[in-house]
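Treat the numbers as computed from the prediction; the structure is a model and nothing was measured.
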Amino acid sequence: MLPVGATTKTKVKGLSGQFPLTQNVTVTEGGTANMTCRVEYNDQTSLQWSNPAQQTLFFGDKKALRDNRIELVRASWAELTISISDISLSDEGQYTCSLFTMPVKTTKAFLTVLGVPERPEITGFTKPAMEGDEITLICTTSGSKPAAHIRWFRNDKEVTGTKEVNATGKSFTVKSTLQLQVDQSDDGVAYTCSVEHVSLSSNPYQVTEVLEVHYAPHVEISHSAIIPQEGQYFKLECVSKGNPLPEPVLWSKDGGELPDVERMIVEGRELTITSLNKTDNGTYRCEASNYLGTSGAEYVLFVYDPNAPGQQDPDHALIGGVVAVVVFITLCLIIALGRYLARHKGTYLTHEAKGSEDAPDADTAIINAEGNHAAEEKKEYFI
C-alpha cells in the first residue's frame, strides 16, 4: 500500500513516443484525486479519461459525464488532467487514458482510496463493577480500508486484546476485546483504545474508559510519632479505604463511647487528646462502613509518667536491656577462656610428673620424662 498522495508512473512504449503516460494515485476518502495523462509526442490527437465502469469522463476539454465532483484541470494536445473531489470508496478502481490514434492507444492508472476509520467506541462495561467481577471491554471502529489496527493501554502500559476483523462492503469493521477480573487496584484505572491507520498518519484515534470498582472498607490507625506521656498532645488517625468511601468513621474506647469529649476531640477521621493523663489508658477503636461491609482497627494507649520513680522511658529500658545482654555474653566468654587455659596447663604438668614418679635422682627423672613424652606424645592427660 502506498502512502497517501503517493504515485507510481506507468509508461507504455511505442513508435515515435506517441503513447500516453499515467500515474497511479492514492488518496484518502473525502479528499481530491488529480488524474494526469501525458504524451511525449502528439499530432493533435485527442486524449480521453474513462472511469472503472468505462464511462467517459472527459474527451479533450469536453466534459462527458454529469458529475459535479469531476472537473477539468488542464487540457492540451500533450496533457489531460482532471480532478475528482470528495472521493469515496466507490471511486476506487482502474481508470483509462486513451489516445485516439489509429489504432487507439490506452494506458491504465489505478486510483486507491483509503477508508478513514470511524472514531472508536468502548462498550461492554457497566459502572460500577464489584471487586472480583469479570468484565469485558470491547473497542470497535468501522469504515477503515485497509483494516485498522487497535491497541489497548492500561494507564500507560500496553496490554493485549483479542482482535476480530469483518468486511463490510469495501471497508472493514475491527473489534478488540479485553477480559478482566477486577479488584480494588483497578479502581480509577484508565483503559485506552487506540486506533492506528495509514490515513491517520501519526495521529491515532483514542478513547478512554476509567474503571470504577466498588469494594469493602479496610481500616488502619496511625498515631503521633511520640511516646505518649502525661500532659502531652496526642493524635490518632483512622485511615480508611473503600469505594464508596466509608463515611463517617466511628471512635470508641474500651467498647464504649469516648469518656471525655472536652479533651477527646473528633474531627473527620482524627481523634485528638489535648492533654494526656493516666485515665486515657485503654483500647481505642475506629470503624468505617459502606454498603459492602464494615472494617475496624484498634490501638492500645499507655500513658507514661516521666516523673514517677522506677518508671523508665521505653527507650532507656531498651538501652539497659541491650547493655545487660552484652555484659552477660562477655562474662560467658571470659569463663570459657579460663577453663580452656586451665585444662591445657594441667596437661603439661601431668607429662612432667609421669617421668619422675620412680626416678632415684633428678637426672634420671628428666630422662624418664623425655622418653615417656616421646612414646606417648599423642596422648593427653587431664587433672
Compare all side-chain heavy atoms of [X] with those of [Y] and state whether any distance is below 4.5 angstrom.
X: Leu271; Y: Ile265; value: no
X: Thr36; Y: Arg38; value: yes
X: Glu164; Y: Ser176; value: no
X: Pro204; Y: Val195; value: no
X: Tyr205; Y: Ser194; value: no
X: Lys105; Y: Pro20; value: yes
X: Thr294; Y: Pro217; value: no
X: Pro259; Y: Met264; value: yes

[X] side chain to [Y] backbone, donor-acceptor under 3.5 Å:
X: Lys235; Y: Glu270; value: no
X: Asp91; Y: Ser88; value: yes
X: Glu158; Y: Phe153; value: no
X: Asn24; Y: Phe110; value: yes
X: Asp254; Y: Gly282; value: no
X: Thr168; Y: Ser171; value: no
X: Ser85; Y: Arg69; value: yes
X: Asn290; Y: Ala216; value: no

ask   = Is Glu267 atom CD crowded by more than 12 heavy atoms from other residues, nucleotides or ligands, each under 6.0 Å away?
value =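 No, not enclosed.
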
Hey, what do you get for [atom1] ([X]) to [atom2] ([Y]), rounding to the nearest 0.5 Å?
X: Thr173; Y: Asn166; atom1: OG1; atom2: CG; answer: 6.5 Å
X: Ile82; Y: Asn34; atom1: CD1; atom2: CG; answer: 9.0 Å
X: Leu72; Y: Trp49; atom1: CG; atom2: CH2; answer: 13.0 Å
X: Leu258; Y: Lys253; atom1: CG; atom2: NZ; answer: 9.0 Å
X: Glu131; Y: Tyr215; atom1: CD; atom2: OH; answer: 8.0 Å

message = Go through it in stages, so that I can follow the logic: the residues are Val266 and Val261, the test is side chain to side chain contact (heavy atoms under 4.5 Å, CB included), and I'd like the CA-CA distance, side-chain angles, deciding distance and then a yes or no.
response = CA-CA 8 Å; Val266 177; Val261 294; over 6 Å; no

Face-on cation placement of Lys63 at Phe58 ring, 6.0 Å and 45° thresholds =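 No, cation not above the ring by the 6.0 Å, 45° rule.
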
Salt-bridge criterion met for [X] and [Y] (N-O under 4.0 Å):
X: Arg285; Y: Glu298; answer: yes
X: Lys145; Y: Glu29; answer: no
X: Glu209; Y: Lys127; answer: yes
X: Arg269; Y: Glu247; answer: yes
X: Arg151; Y: Glu196; answer: yes

Do [X] and [Y] share a hydrophobic cluster, counting only Ile, Leu, Val, Met, Phe, Trp and Tyr and linking them when any side-chain heavy atoms are less than 4.5 Å apart?
X: Ile226; Y: Tyr284; value: yes
X: Tyr95; Y: Ile70; value: yes
X: Leu65; Y: Ile87; value: yes
X: Ile138; Y: Ile122; value: no
X: Phe172; Y: Val116; value: yes

request  = Under the side-chain hydrogen bond (donor to acceptor under 3.5 Å, both in side chains) rule, collect the residues that match up with Asn277, sequence neighbours excluded.
outcome  =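 Partners of Asn277 by the side-chain hydrogen bond (donor to acceptor under 3.5 Å, both in side chains) criterion, ordered by chain and then number, come out as Thr279.
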
request  = Check the pair Asp280 / Arg263 against salt bridge (charged side-chain N to carboxylate O under 4.0 Å, His left out), numbers first and verdict last.
outcome  = CA-CA 10 Å; Asp280 297 326; Arg263 287 188 309 109; 2.7 Å; yes

Hydrophobic cluster of Met130, others only, ordered by chain and residue number, side-chain cut-off 4.5 Å =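 Its cluster mates, by chain and number, are Tyr291, Leu292.
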
message = Centre-to-centre under 6.0 Å for Phe100 and Phe59, is that the case here?
response =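 Yes, ring centres under 6.0 Å apart.
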
inquiry  = Run Thr96 and Gln94 through side-chain hydrogen bond (donor to acceptor under 3.5 Å, both in side chains) and show every step you take.
reply    = CA-CA 7 Å; Thr96 304; Gln94 189 168 262; 5.6 Å; no

inquiry  = If we check side chain to side chain contact (heavy atoms under 4.5 Å, CB included) with Cys286, which of these qualifies: Ile221, Leu236, Val239?
reply    =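 With Cys286 as partner, side chain to side chain contact (heavy atoms under 4.5 Å, CB included) holds for just one option, Ile221.
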
